[in-house]
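This structure is a prediction, so every number in the text was calculated from the model and none was measured. Proteins come first, then strands; the chains are lettered A, B, ... in the order of their sequence lines, and each starts at number 1.
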Protein chains: 2
Amino acid sequence: MYTFLVVDDSSEAREAISDILSLEPSFYVIGQASNGKEALKFLQNRKADIVLMDINMPEMNGFEATKQIKTLFPDITIIMLSVSDDVQDFFEALKLGAQGYLVKNLEPQLWLDYLRSVATGDTPLEKGIAMRILQEFTEGGGKAQQQKEQFHSLTKREREILQLVAEGYTNRDIACNLTISENTVKNHLKNILQKLHVKNRVQLARYAAEFKNKGYPL
Amino acid sequence: MYTFLVVDDSSEAREAISDILSLEPSFYVIGQASNGKEALKFLQNRKADIVLMDINMPEMNGFEATKQIKTLFPDITIIMLSVSDDVQDFFEALKLGAQGYLVKNLEPQLWLDYLRSVATGDTPLEKGIAMRILQEFTEGGGKAQQQKEQFHSLTKREREILQLVAEGYTNRDIACNLTISENTVKNHLKNILQKLHVKNRVQLARYAAEFKNKGYPL
DNA sequence: CCAAAAATAGCCCGATGGGGCTATTTTTTT
DNA sequence: AAAAAAATAGCCCCATCGGGCTATTTTTGG
């Protein structure tokens, strides 16, 4: 039996993550927090085995929170969450004592596989697994690369459209701008929403902003 | 008589700005551009006395454009525009040769006051005025503070709603969350959109993100 | 050259959004 | 206590969005 604390500023994300965790009978989400401060407060009352910690949060970000939690409760396992698979963030997370790093927008099954291996300690998770998971989604790693392709990888056109959507343009604007039909824009958009597991264009804009913030190419 | 080139990626913003400028009989908007590149192209054909340059634009952003314009046409006065009153941006703007920095969402009258003083050179604008204007809108500067309040000033409720919108929630979600009717949410939203001069919730999200990014309280 | 992937485009239809109005109640300010 | 501002809520109406589905043409990769 493993207890989880989910820390993310988006209540939606927390719900989504909790939903995924509930698929594994031995996983129990015992709390949620919307920023690092709340997470610390929570842990002072009740300890969790594993903390899933988003990086970008108001008040206190995931890095700072990880540092402090690790100082106070060194035996808590912390897995950092991010929408990007940025290598810098990944190493930063490990440096501060996190045991892992999970890229959002992955298949629930992958989350569970990964978290099970972290929880049971079956695998030498010291860095190996986390690293492997990351690598699978950064450099072209054979079969895993296909999964990335299948998953996040937007096509060139999709990226163009994502960018315009994120700037607040309507589908018609975009169609006009790219001189294609509005239907085509809608089609691309549908695919983008599906690929990135978000529900609407505002969330898409947030997604794009998070990437842009890190200087990530999108 | 002073000629203006308005550079902003949002055609709405350009229109709004042009409208404000038209209130002063001696101000003439002789051109608009939607990004830095277009602005440069325009200036090669026809020079303007003053360029109003948005910072965030696709293709070529305001900082880059300012640098290049100042190199090619050192006698053109450039005023940077931004939705935020971030001090970093402000100094960056001055460093690159801009003569001023205007915060969007200010009262038209303030714009005109400021631009008149820039145009006529009556005041030692070398940094003084720009700085003063900025200060009025950062630290609590007596009367000016009230004007800020009056202007972009969303109410408490509106800020709550803005935040939820920016996180990608639908109106219904928000209504549910705040236990008010969806109609009320829509009403608040209408007011917010109007106050912040944006067209839709994605642009609202961008607005919120820009503020959040700079650690500005919103 | 052929197969797979990407880009194009259309249709239908219900959900959501956003503008324009009016109006009542609560809260704040004067 | 009176006035002003904010919060609440409703209405109508059309625009936009987003999901599901099919289908053709380009482009790309092996």
Worksheet item: Once you round it to whole Å, what is the distance between P of C:dG18 and CD of B:E182?
Response: 12 Å
Worksheet item: Within this structure, what is the CG-to-C1' distance between A:N187 and C:dA5, rounded to whole angstrom?
Response: 15 Å
Worksheet item: Are OP1 or OP2 of C:dA7 and a side-chain N or O of A:T155 less than 4.0 angstrom apart?
Response: yes
Discussion item. Between A:D9 and A:S34, is there a side-chain donor-acceptor contact under 3.5 Å, judged purely by atom types and distance?
Written reply: no
Worksheet item: Side-chain N or O of A:T184 less than 4.0 angstrom from OP1 or OP2 on C:dG10?
Response: no
Discussion item. Does A:K190 contact D:dG18 through a side-chain donor or acceptor facing the base, at a distance under 3.5 Å?
Written reply: no
Worksheet entry | Closest to side chain of B:H188, choosing from C:dT16, D:dT8, D:dC17 | D:dT8
Item to complete: Can you spot which of B:M53, B:R14, B:Q32 makes a side chain to side chain contact (heavy atoms under 4.5 Å, CB included) with B:D8?
Response: B:R14
Discussion item. Within the 4.0 Å heavy-atom criterion, would you say B:N171 contacts the bases, only the backbone, or no part of the nucleic acid?
Written reply: sugar-phosphate
Worksheet item: Is any side-chain N of the basic residue among B:K41 and B:E38 closer than 4.0 Å to the acidic one's carboxylate O?
Response: no
Practice prompt. Nearest whole angstrom, please: distance from the P of D:dG18 to the CD1 of A:I161.
Written response: 13 Å
Worksheet, complete the sentence: Rounded to whole Å, the CG-P distance (B:N191 to D:dA6) equals 10 Å
Worksheet item: In whole angstroms, how far is the P atom of D:dA15 from the NZ atom of A:K186?
Response: 14 Å
Discussion item. So which atom in A:F27 and which in A:L21 form the shortest heavy-atom distance, rounded to 0.1 Å?
Written reply: CB-O, 3.5 Å
Worksheet entry | From C:dT8, D:dG18, C:dG10, nucleotide with atom closest to A:I180 side chain | C:dT8
Item to complete: Provide, to the nearest angstrom, the distance between the CG atom belonging to B:L204 and the P atom belonging to D:dT16.
Response: 18 Å
Worksheet item: A:L193 has an atom CG; how far is it from atom P of D:dG20, in whole Å?
Response: 11 Å
Discussion item. OP1 or OP2 of C:dT27 versus the side-chain N and O atoms of B:R157: is any pair under 4.0 Å?
Written reply: no
Worksheet item: For D:dT16, does either OP1 or OP2 sit under 4.0 Å from a side-chain N or O belonging to A:R172?
Response: yes
Discussion item. Looking at A:N183, I'd like to know whether one of its side-chain N or O atoms comes within less than 4.0 Å of OP1 or OP2 on C:dG10.
Written reply: yes
Discussion item. Rounded at 0.5 Å granularity, tell me how far CG in B:L52 sits from CE in B:M80.
Written reply: 11.5 Å
Response to the item:
To the nearest angstrom, the CD-C1' distance between B:Q203 and C:dG17 comes to 14 Å
